[in-house]
Amino acid sequence: GRVSYERCDIGDPASLDRLLAAQGGEDCALVIHAAGPFQQTESCPVLEAAIRNKTGGYIDVCDDAEHTRRAKADLGARARDRGVP
């Protein structure tokens, strides 16, 4: 398969959606989110965009346990419902 690296504004949901749509949405096999810091952030915009666009998977490098717990609690069921592991 094809691997690509893309830049976008993670604070702009429309920017994330444009990027994932350009990558084929559901055909996008994996989003790897490595743009930190995650510490003490209230939202998970890249994960939310991955869910909205039904990407094949999502990985991040978050080391903030509270952020991770919040993402799983708030978005876990929605991700599973949309087929995003």
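Counting heavy atoms from C-beta outward, V31 and I59 have side chains that stay 4.5 Å or more apart. For the pair L75 and C44, the minimum side-chain heavy-atom distance is below 4.5 Å. Looking at heavy atoms from C-beta onward, D17 lies in side-chain contact with R52 at the 4.5 angstrom threshold. For the pair Y58 and I32, the minimum side-chain heavy-atom distance is 4.5 Å or more.
The backbone N or O of C8 lies less than 3.5 Å from no partner atom in the side chain of S15, so there is not a single donor-acceptor pair. Proximity of a side-chain donor or acceptor of R78 to a complementary backbone N or O of I51 within less than 3.5 Å is not detected. With hydrogens and angles disregarded, no donor-acceptor distance shorter than 3.5 Å links the side chain of N53 to the backbone of T55.
Within the model, atoms CG of L16 and CG of L47 stand 11.0 Å from one another, a figure rounded to the nearest 0.5 Å. Of the inter-residue distances, the one linking D74 atom CG with E48 atom CD reads 9.0 Å to the nearest 0.5 angstrom.
Considering all non-hydrogen atoms of both residues, C28 and L20 come closest at SG-CD2, 4.1 Å.
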